[in-house]
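One structure is given here, and the rest of the page talks about it.
In what follows, every chain begins at residue 1, and chains take the letters A, B, ... in the order their sequences are listed. Just so it is clear, the model here is predicted, and its values are computed rather than measured.
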Protein chains: 2
Amino acid sequence: MKKYRPNISDVARLAGVSTATVSRALSNPSLVSEATRKAVQGAIATTGYRLNETARNLRHRRTGGIVALVPNLANPFFSQILSGIASVLGPAGYNLLIADTRTAGADRLLDYAEPSRADGLIILDGSLPAAALTGRIPMVEACEWVPGLAAPRVKIDNRAAAGLAVNHLADLGHSRIGHVVGPAGNVLSVARLAGYEDTLRSRGLPLMQSAIYQGDFSLESGRVAAEVWLQQPQDTRPTALFLASDAMACGFIGEVQRHGLSVPRDVSVVGFDDIELIAHISPPLTTIRQPRTAIGQIAAERLLNRLRGGEDTDQDTILSVELIIRASTAAPRL
Amino acid sequence: MKKYRPNISDVARLAGVSTATVSRALSNPSLVSEATRKAVQGAIATTGYRLNETARNLRHRRTGGIVALVPNLANPFFSQILSGIASVLGPAGYNLLIADTRTAGADRLLDYAEPSRADGLIILDGSLPAAALTGRIPMVEACEWVPGLAAPRVKIDNRAAAGLAVNHLADLGHSRIGHVVGPAGNVLSVARLAGYEDTLRSRGLPLMQSAIYQGDFSLESGRVAAEVWLQQPQDTRPTALFLASDAMACGFIGEVQRHGLSVPRDVSVVGFDDIELIAHISPPLTTIRQPRTAIGQIAAERLLNRLRGGEDTDQDTILSVELIIRASTAAPRL
DNA sequence: GAGCGTGATGTAATCGGTTTCATTAACGAT
DNA sequence: ATCGTTAATGAAACCGATTACATCACGCTC
């Protein structure tokens with residue numbers, strides 16, 4: 001008389017039918033007569049029966065779960081993508097499993113790409129080893145991507161997006177335009193830097209090593225970049241900067257202001273991502289908006305489509321970005 | 001000859017032993033002789049066998065998953081708590097499932113508290129119905145809590161924390177101190193408001209209805225509160241405000257600055273949470289620091305301890321907070 | 001009335017492991 | 001030589017569902 005958990009045979013016994021019939025009544029009611037269906041439903045109600053997903057999954061050779069591999073769960077940038085993913089996966093009957101690739105060891109990575117762990121994988125971390133992931137369960141990549149991994153990608157054109165930012169600054173009349181790059185080796189950093197350089201060249205603007213600052217997407221690295229910039233001679237340092245993330249742009253502006261300078265009077269700043277907060281700081285930040293929720297949703301949809309056996313052309317989905325002009329950019333001081 | 005997935009009997013056949021022995025060699029090697037253990041390991045290596053978790057879980061009547069119920073995944077406040085949870089769950093061999101309680105319907109909630117879905121539950125949303133959650137799988141509450149639900153809680157003393165903030169403002173010499181509350185009905189809003197009122201009373205300061213502004217933790221609601229405050233007569237409106245979240249404080253400061261006023265010269269501001277970004281805006285925000293990662297970790301540990309049959313005293317864990325004084329607070333202008 | 005299609009249901013195999021119980025061999029003690 | 005003990009292993013039940021196949025009753029056709 002303990003808290004006995006009723007199973008399908010308890011229901012079957014009570015309803016006076018076989019377990020096969022109960023199973024059919026639940027998953028394919030049209031195969032069962034009206035009368036027995038009622039009986040089964042009654043038995044379910046009185047026993048309080050609930051289906052055991054694990055057993056069903058075992059039989060179906062699936063897990064009902066999708067793993068998202070994120071580089072750093074604590075980074076708010078990802079939470080909106082995850083939100084988009086969750087909004088698609090939930091209604092589709094899949095569980096969203098989240099694994100932090102920094103917390104989890106590299107060996108654990110293999111476990112996550114196991115068919116017995118998850119039915120599919122969404123990769124948000126481009127720094128993972130391609131070898132460990134190829135030929136495993138179905139997967140898609142979102143935002144970042146792993147070079148050499150054959151998986152559909154849902155992303156933006158980072159190179160062109162960087163161009164939008166730099167062109168905006170050039171249009172305002174800036175000629176010494178700097179760039180704070182993301183983490184070394186990161187695919188996004190590389191693409192955005194390339195876009196920055198492309199655009200300077202196409203506009204006939206000087207490309208100076210001293211105008212490129214190392215960063216890692218974090219607030220603190222933006223602050224450090226500002227320290228470097230502040231120490232450069234005023235007549236040669238950039239009058240405008242494009243930073244590869246909004247977080248860095250925040251850190252940069254904060255430090256510059258703390259030294260008594262003003263944005264955009266003394267320096268124009270463009271960020272990247274359009275995280276919610278930066279519209280509310282002062283000055284509100286000019287930035288490149290990435291459709292983060294949509295990226296997550298589309299990635300999830302493409303994965304589900306694949307799992308359902310749908311045709312998938314393996315083509316990348318490129319979502320469009322938008323230059324959001326706010327108050328952190330202006331013409332250079334004469 | 002398709003992509004046949006080897007199972008335990010394939011391994012057993014190749015190693016010349018029974019499946020029982022293979023199972024033992026994997027889960028309890030001391031029961032198996034040195035020689036057979038080697039043979040099994042060899043067979044595993046040549047077949048490329050990997051254990052099917054679903055099958056094991058079925059037999060063990062567990063799922064290997066822990067569900068975290070978050071009110072809004074897109075809110076960066078939660079990502080750091082989740083990060084703390086993930087850092088404990090991963091190494092312990094549990095999967096972290098994340099469900100957004102807004103995306104998921106109320107009926108889906110029941111599914112998440114099912115033993116066949118997850119072994120345990122971490123509740124981060126205090127607005128869930130207690131009735132739907134009582135008597136289900138083991139659970140703990142973190143940060144927020146559901147009134148009337150009997151589950152161990154890991155949280156801070158919100159009332160006392162609000163007191164820290166208000167006392168700080170009073171100590172600076174402010175006598176008209178306002179408060180922007182969180183979402184109506186939210187347990188945190190209620191506790192922080194109570195702490196605010198307590199402290200005003202104990203300091204003998206006036207408690208005015210016009211100094212209490214409705215908010216909902218969001219940036220935008222902080223901005224709206226600023227609009228209201230700006231329209232109040234300068235000689236009666238608060239000279240200092242305590243806001244129930246950093247996001248609201250950001251929105252408030254941004255709007256105030258946009259109207260040409262300066263913080264803290266014209267108004268002092270204290271936030272709540274200490275999200276990373278607000279140390280970098282200008283002025284850097286004075287706030288109450290919540291140990292978010294630790295909250296997540298401890299919640300996860302308490303849940304695991306319970307699942308392992310450990311004694312759990314059902315007592316709440318109260319973590320301490322800290323007043324971080326930065327530059328958004330100062331003595332009132334004379 | 002024989003033959004046959006159809007609908008409803010039961011039997012039993014199956015998914016891939018774990019674990020109880022039984023069996024056997026080896027070894028030391030009596 | 002016999003008994004008891006222990007270590008190592010296999011046979012088979014089991015976890016809780018799904019589903020291929022068999023069965024049976026019914027109604028229809030010719």
Side-chain angles (χ1 to χ4, degrees), chain A residues 2-41 43-44 47-65 93 111 114-119 137, chain B residues 2-41 43-44 47-65 93 111 114-119 137:
Chain A
K2 287 298 288 299
K3 40 180 166 180
Y4 177 72
R5 202 179 158 66
N7 61 18
I8 197 170
S9 21
D10 297 321
V11 175
R13 197 173 319 117
L14 189 62
V17 297
S18 73
T19 62
T21 301
V22 175
S23 177
R24 282 188 283 251
L26 286 173
S27 51
N28 200 345
S30 70
L31 292 176
V32 170
S33 76
E34 179 71 17
T36 43
R37 206 182 311 151
K38 284 260 169 71
V40 168
Q41 266 157 16
I44 288 177
T47 55
Y49 167 76
R50 305 224 80 199
L51 183 96
N52 184 318
E53 307 252 7
T54 308
R56 167 184 280 181
N57 288 339
L58 173 59
R59 183 66 229 248
H60 282 165
R61 292 150 165 262
R62 60 164 240 155
T63 71
D111 291 342
E114 269 302 293
S116 83
R117 258 297 175 79
D119 300 333
I137 61 179
Chain B
K2 286 297 286 303
K3 40 180 167 178
Y4 176 71
R5 202 178 157 65
N7 61 20
I8 197 171
S9 21
D10 297 320
V11 174
R13 198 174 317 119
L14 188 62
V17 298
S18 73
T19 62
T21 301
V22 175
S23 177
R24 282 189 282 251
L26 286 173
S27 51
N28 200 347
S30 69
L31 292 177
V32 170
S33 75
E34 178 72 17
T36 42
R37 207 184 309 152
K38 284 258 167 75
V40 168
Q41 265 156 17
I44 288 177
T47 54
Y49 166 76
R50 306 224 78 200
L51 183 104
N52 184 317
E53 307 252 8
T54 309
R56 166 184 280 182
N57 287 339
L58 174 58
R59 183 64 229 244
H60 283 165
R61 292 150 165 257
R62 59 164 240 156
T63 70
D111 291 342
E114 268 302 293
S116 84
R117 259 297 175 77
D119 299 334
I137 60 179

- So, does the side chain of R5(B) form a donor-acceptor pair with the base of dG16(C) at under 3.5 Å?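 Under the 3.5 Å cut-off, the side chain and the base do not form any donor-acceptor pair.
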
- Query: Any N or O donor-acceptor pair linking the side chain of R59(B) to the base of dC14(D) at under 3.5 Å?
  - Reply: yes

- How would DNA chain D look in dot-bracket form, 5' to 3', counting Watson-Crick and G-U wobble pairs with both distances under 3.5 Å and writing | for bases paired to another strand? ||||||||||||||||||||||||||||||

Distance test, side-chain N/O of [X] to OP1/OP2 of [N], below 4.0 Å:
{"X": "S33(B)", "N": "dT9(D)", "value": "yes"}
{"X": "Y49(B)", "N": "dG17(C)", "value": "yes"}
{"X": "S116(B)", "N": "dG16(D)", "value": "no"}
{"X": "H60(A)", "N": "dT14(C)", "value": "no"}
{"X": "N7(B)", "N": "dG16(C)", "value": "yes"}

Rounded to the Å, how far apart are [X] [atom1] and [N] [atom2]?
{"X": "R117(A)", "N": "dG16(C)", "atom1": "CZ", "atom2": "P", "result": "18 Å"}
{"X": "N52(B)", "N": "dG16(D)", "atom1": "CG", "atom2": "P", "result": "17 Å"}
{"X": "R24(B)", "N": "dA11(D)", "atom1": "CZ", "atom2": "C1'", "result": "11 Å"}
{"X": "R56(A)", "N": "dA17(D)", "atom1": "CZ", "atom2": "P", "result": "9 Å"}
{"X": "I8(A)", "N": "dC14(D)", "atom1": "CD1", "atom2": "C1'", "result": "16 Å"}
{"X": "N28(A)", "N": "dT9(C)", "atom1": "CG", "atom2": "P", "result": "13 Å"}
{"X": "N57(B)", "N": "dA17(D)", "atom1": "CG", "atom2": "C1'", "result": "15 Å"}
{"X": "R62(A)", "N": "dA17(D)", "atom1": "CZ", "atom2": "P", "result": "15 Å"}

Using a heavy-atom cut-off of 4.0 Å across all strands, would you classify [X] as base, sugar-phosphate, or nothing?
{"X": "T21(B)", "value": "sugar-phosphate"}
{"X": "T36(B)", "value": "sugar-phosphate"}
{"X": "S18(A)", "value": "base"}
{"X": "V22(B)", "value": "nothing"}

- Query: Given that R61(B) and A35(B) both sit by DNA chain D, which one's nearest nucleotide is further toward the 5' end?
  - Reply: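 The residue mapped nearer the 5' terminus is A35(B).
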
- Item | Most 5' of T54(B) and A20(B) on DNA chain C, judged by nearest nucleotide |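 Residue closer to the 5' terminus by nearest nucleotide: T54(B).
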
- Item | From OG1 (T36(B)) to CD (Q41(B)), nearest 0.5 Å | 10.0 Å

- Message: For the CD atom of E114(B) and the CZ atom of R5(A), what is their distance to the nearest 0.5 Å?
- Response: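 The CD atom of E114(B) sits 5.0 Å away from the CZ atom of R5(A).
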
Side chains of [X] and [Y]: closer than 4.5 Å at any heavy-atom pair?
{"X": "S23(A)", "Y": "I8(A)", "result": "yes"}
{"X": "T54(B)", "Y": "T54(A)", "result": "yes"}
{"X": "R56(B)", "Y": "S27(B)", "result": "yes"}

- Do N57(A) and T63(A) have side-chain N/O donor and acceptor atoms under 3.5 Å apart?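 No, T63(A) and N57(A) have no side-chain donor paired with an acceptor closer than 3.5 Å.
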
- Item | Any donor-acceptor N/O pair, N28(B) side chain to L31(B) backbone, under 3.5 Å | no

- Note on the structure: Taking dG16(C), dA17(D), dT18(C) as options, the one with an atom nearest any side-chain atom of L51(B) is dT18(C)

- Query: Among dG10(D), dC15(C), dA17(D), which nucleotide sits nearest the side chain of L58(A)?
  - Reply: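 Nearest to the side chain of L58(A) among the choices is dC15(C).
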
For residues 11-19 of chain A, dump all side-chain donor-acceptor pairs below 3.5 Å to protein atoms at least two apart in sequence or in another chain.
{"unit_1": "R13(A)", "atom_1": "NH1", "unit_2": "D10(A)", "atom_2": "OD1", "d": "3.4"}
{"unit_1": "S18(A)", "atom_1": "OG", "unit_2": "A20(A)", "atom_2": "N", "d": "3.4"}
{"unit_1": "S18(A)", "atom_1": "OG", "unit_2": "T21(A)", "atom_2": "N", "d": "3.4"}
{"unit_1": "S18(A)", "atom_1": "OG", "unit_2": "T21(A)", "atom_2": "OG1", "d": "3.4"}

